[in-house]
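In what follows, chains are A, B, ... by sequence order, proteins preceding strands, each numbered from 1.
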Amino acid sequence: MLDARFIKENIDTVKNALKKRGYDFPLSEFLEIDEKRITLLKEVEELRNRRNIVTEEIGRLKKQKVDASAQLDDMKVVSDTIKALDEKLKDLEDETKAFLLTIPNIPHESVPTGKDETENVEIRKWGTPAVFDFEPLNHWDIAETLDIIDFDRASKIAGARFSLMKGAGARLERSLMNFMLDTNTAKGYTEVFPPVLVNRESMTATGQLPKFEADLFKISDPEFYLVPTAEVPVTNIHRDEILKEENLPLYYTAYTPCFRREAGSYGKDTRGLIRQHQFNKVELVKFVKPEDSYNELEKLTADAEDILMRLGLPYRVVSLCTGDIGFSSAKTYDLEVWLPGQNKYREISSCSNFGDFQARRANIRFKREGKKGTEFVHTLNGSSLAIGRTVVAILENYQQKDGSVLIPEVLRTYMGTDRIK
RNA sequence: GGAGAGGUGGCCGAGUAGGUCGAAGGCAGCCGCCUGCUAAGCGGUUGUGGGGGUUAAACCUCACCCAGGGUUCGAAUCCCUGCCUCUCCGCCA
């Protein structure tokens, strides 16, 4: 969420930023409503002030047993007026709030301008895609041969876009979880294991709601949303809190399953593990001081990259352009891992700095020592990594001519073997 | 699922026959004083958000005693709804 006052004072900046994103908002309409709101607010407050004064007087008069019926009658009218104006005011407040909640974040100046994913900019590459002396297979073919993922039975149990990991496949999934969490906690991230059903407020705080309801699984009676990423519950850990400066930055890492409707992706990645309704992910989340957030984004991205390096998986880092970054994000780096089965790089992690956008929605502030007042923190997060896609990458990059798959060094103690065959 | 109790400031904890309560008191924190140092003691001070105001302050004002409604000239205090916490019974991994 952007600050209403910031919008008012920087109308052109906001307009341009949103245009770069491909959004066109009736900002002047917003300003009009907001101005009405302020005018009405002043009016109501003045009436309240008067009521407070007279009401006090009535108290005094009554105590002295003096007749106060004139004041009483007066205030009855004033109170009715306040009530009426309050209703109007609430409408205007709701309107401005609803408006603010649907305006995306302003991209950072370093974000490349572009209309869609074709204009994202490659920042760096790591590793060299292996050269195979045979035709590399897709991960689902490898998995079928090794009997470690059962897609047919998964669709019997649940439906399309679900998977049943089995034997070494299930173990690989679990090994990756543990490897990632262990690596992250060794770097100072605090491990948390949060709820994966959350309330509406939490989804609104991180920006999934109100705009992207269609992407979410929801249950009713009682109402809960299934988290599409650990970002949601972990960022909400500190919702409505005032943090101490000395405690910043805060680093968290969390494993959670993630649930996504994948509405509108019919026909895309229908086979295999790439796009599932339920997948596992280890996430990194940071709460930092505003002046540190872009440096922290680089460090967070490096921490996510480190997982890929340790696994020996070739990847590249892409800076998403203004037309492709997410709604809440001010800047995003995607990590794309090399997939021999598809002969291309595919997203495996997304690392973002949200600036104060989520913090304002979630009301997460901090207090500087010796300064009065509070400021919003900056929030960041990134996957380290999406586990399903990491399984895909390992199967495809480490496949051998005989159909077996080598296990990356760092996973062998977790897997209890150096090869799946 | 059934039966009860409760939600007040950073924390503890007063305050319910409605009025001068943003809220006693204590603790913690901050600033002074005192003291050889520390402790104790003494005095003062310390919430958040909005609107206005100022170069910036000061300052003025509105709101906030879980949340949302209601009654009333006036609500932390009364009524309703919701959320959360706790205790007992039942059920359950």
Side-chain angles (χ1 to χ4, degrees), chain A residues 1-9 30-101 193-205 209 218-225 233 236-248 250 257 356 358-377:
Chain A
M1 187 163 68
L2 302 180
D3 182 27
R5 193 180 271 211
F6 175 84
I7 297 177
K8 273 184 272 182
E9 288 165 6
F30 167 76
L31 293 179
E32 224 173 274
I33 294 168
D34 197 59
E35 198 164 318
K36 264 195 225 163
R37 198 194 102 230
I38 302 284
T39 311
L40 195 56
L41 181 67
K42 283 186 205 165
E43 206 176 321
V44 173
E45 286 193 350
E46 223 166 282
L47 286 174
R48 279 224 178 85
N49 181 224
R50 207 178 124 210
R51 185 177 68 182
N52 286 345
I53 292 166
V54 177
T55 261
E56 223 174 275
E57 195 189 327
I58 291 172
R60 240 181 292 122
L61 292 176
K62 285 218 161 176
K63 206 163 246 176
Q64 295 164 11
K65 311 251 197 256
V66 179
D67 176 63
S69 52
Q71 285 88 337
L72 245 59
D73 289 346
D74 265 8
M75 286 311 100
K76 200 171 177 65
V77 175
V78 170
S79 272
D80 286 346
T81 313
I82 290 174
K83 199 172 278 184
L85 292 183
D86 252 345
E87 253 168 69
K88 274 196 214 163
L89 185 62
K90 184 154 190 311
D91 286 348
L92 289 173
E93 273 168 359
D94 289 349
E95 223 174 309
T96 49
K97 184 85 197 262
F99 215 112
L100 289 172
L101 282 175
F193 189 55
V196 295
L197 296 183
V198 302
N199 55 34
R200 191 155 229 289
E201 291 72 49
S202 291
M203 284 293 186
T204 306
L209 290 178
K218 178 186 183 178
I219 63 168
S220 48
D221 196 28
E223 181 182 281
F224 284 113
Y225 291 88
N236 274 280
I237 287 174
H238 294 298
R239 172 149 58 87
D240 291 321
E241 288 184 19
I242 299 174
L243 305 171
K244 287 190 187 143
E245 181 179 21
E246 68 207 60
N247 292 336
L248 296 176
L250 286 167
D356 63 8
Q358 291 181 328
R360 184 171 284 111
R361 287 171 162 248
N363 194 27
I364 307 171
R365 295 167 290 166
F366 76 104
K367 202 176 174 64
R368 287 193 203 267
E369 279 165 61
K371 279 191 94 177
K372 64 175 184 179
T374 57
E375 289 174 53
F376 290 113
V377 300

Tell me whether the side-chain N/O atoms of [X] come closer than 4.0 Å to OP1 or OP2 in [N].
X      : N      : result
A:R365 : B:rU48 : no
A:K83  : B:rU71 : yes
A:K367 : B:rU48 : yes
A:N49  : B:rU61 : no
A:S79  : B:rG74 : yes
A:N52  : B:rC62 : yes
A:R5   : B:rG52 : yes

- prompt: Which residues pass the ring-ring contact (aromatic ring centres under 6.0 Å, His included) test with A:F99, sequence neighbours left out?
  reply: A:F30
Can you tell me the base-pairing partner of [N]? Count Watson-Crick or G-U wobble geometry only, both distances below 3.5 Å, and say none if there is no partner.
N      : value
B:rG49 : B:rC62
B:rC37 : none
B:rG32 : B:rC42
B:rU55 : none
B:rA93 : none
B:rA75 : none
B:rG4  : B:rC86

message: Quick one, A:L243 and A:R365 - any side-chain contact, counting heavy atoms below 4.5 Å?
response: no
- prompt: Is there a side-chain contact between A:L101 and A:M1, using heavy atoms and a 4.5 Å cut-off?
  reply: yes
field: Chi angles and distances behind the salt bridge (Lys or Arg N to Asp or Glu O under 4.0 Å) call for A:D94, A:K97
entry: CA-CA 5 Å; A:D94 289 349; A:K97 184 85 197 262; over 6 Å; no
Rounded distance (Å) that lies between atom [atom2] of [N] and atom [atom1] of [X]:
X      : N      : atom1 : atom2 : value
A:E241 : B:rG47 : CD    : C1'   : 16 Å
A:M75  : B:rA75 : CE    : P     : 13 Å
A:R51  : B:rG74 : CZ    : C1'   : 7 Å
A:E93  : B:rG68 : CD    : P     : 12 Å
A:N363 : B:rC64 : CG    : C1'   : 13 Å
A:D34  : B:rG50 : CG    : P     : 13 Å
A:L47  : B:rG74 : CG    : C1'   : 15 Å
A:L85  : B:rG51 : CG    : C1'   : 16 Å

Say you pick atom [atom1] in [N] and the same atom in [M]; how far apart are they, in whole Å?
N      : M      : atom1 : value
B:rG32 : B:rG25 : P     : 24 Å
B:rC11 : B:rG18 : C1'   : 29 Å
B:rU54 : B:rC59 : C1'   : 9 Å
B:rA63 : B:rG9  : C1'   : 16 Å
B:rC27 : B:rA40 : C1'   : 16 Å
B:rU55 : B:rU48 : C1'   : 26 Å
B:rG7  : B:rC12 : C1'   : 15 Å
B:rU8  : B:rC65 : P     : 12 Å

- request: Find which nucleotide of RNA chain B each of A:I58 and A:R37 is nearest to by heavy atoms, and output the residue with the more 5' nucleotide.
  value: A:R37
Out of [options], which nucleotide sits closest to the side chain of [X]?
X     : options                : value
A:K90 : B:rG69, B:rG49, B:rG51 : B:rG69
A:I38 : B:rU71, B:rG51, B:rC73 : B:rG51
A:T55 : B:rG49, B:rC73, B:rG52 : B:rC73
A:K76 : B:rC73, B:rG50, B:rG52 : B:rC73

- prompt: Between the main-chain N or O of A:T204 and the side-chain N or O of A:R361, is there a donor-acceptor pair closer than 3.5 Å?
  reply: yes
query: Which part of the nucleic acid, if any, lies within reach of A:L72 when heavy atoms closer than 4.0 Å are counted: base, sugar-phosphate only, or nothing?
result: base
field: Sugar-phosphate only, base, or nothing, as touched by A:K244 at under 4.0 Å among non-hydrogen atoms
entry: nothing
field: Residue pair A:K76, A:D80: steps toward the salt bridge (Lys or Arg N to Asp or Glu O under 4.0 Å) verdict
entry: CA-CA 6 Å; A:K76 200 171 177 65; A:D80 286 346; over 6 Å; no
- prompt: With a 3.5 Å cut-off and just heavy-atom distances, do the side chain of A:E45 and the base of B:rG52 make a donor-acceptor pair?
  reply: no
message: Checking side chain to side chain contact (heavy atoms under 4.5 Å, CB included) between A:R48 and each of A:V78, A:T55, A:D86, which is the one that passes?
response: A:D86
message: My understanding is that only residues two or more places apart in sequence, or in another chain, count here; which of them pass side chain to side chain contact (heavy atoms under 4.5 Å, CB included) with A:E35?
response: none
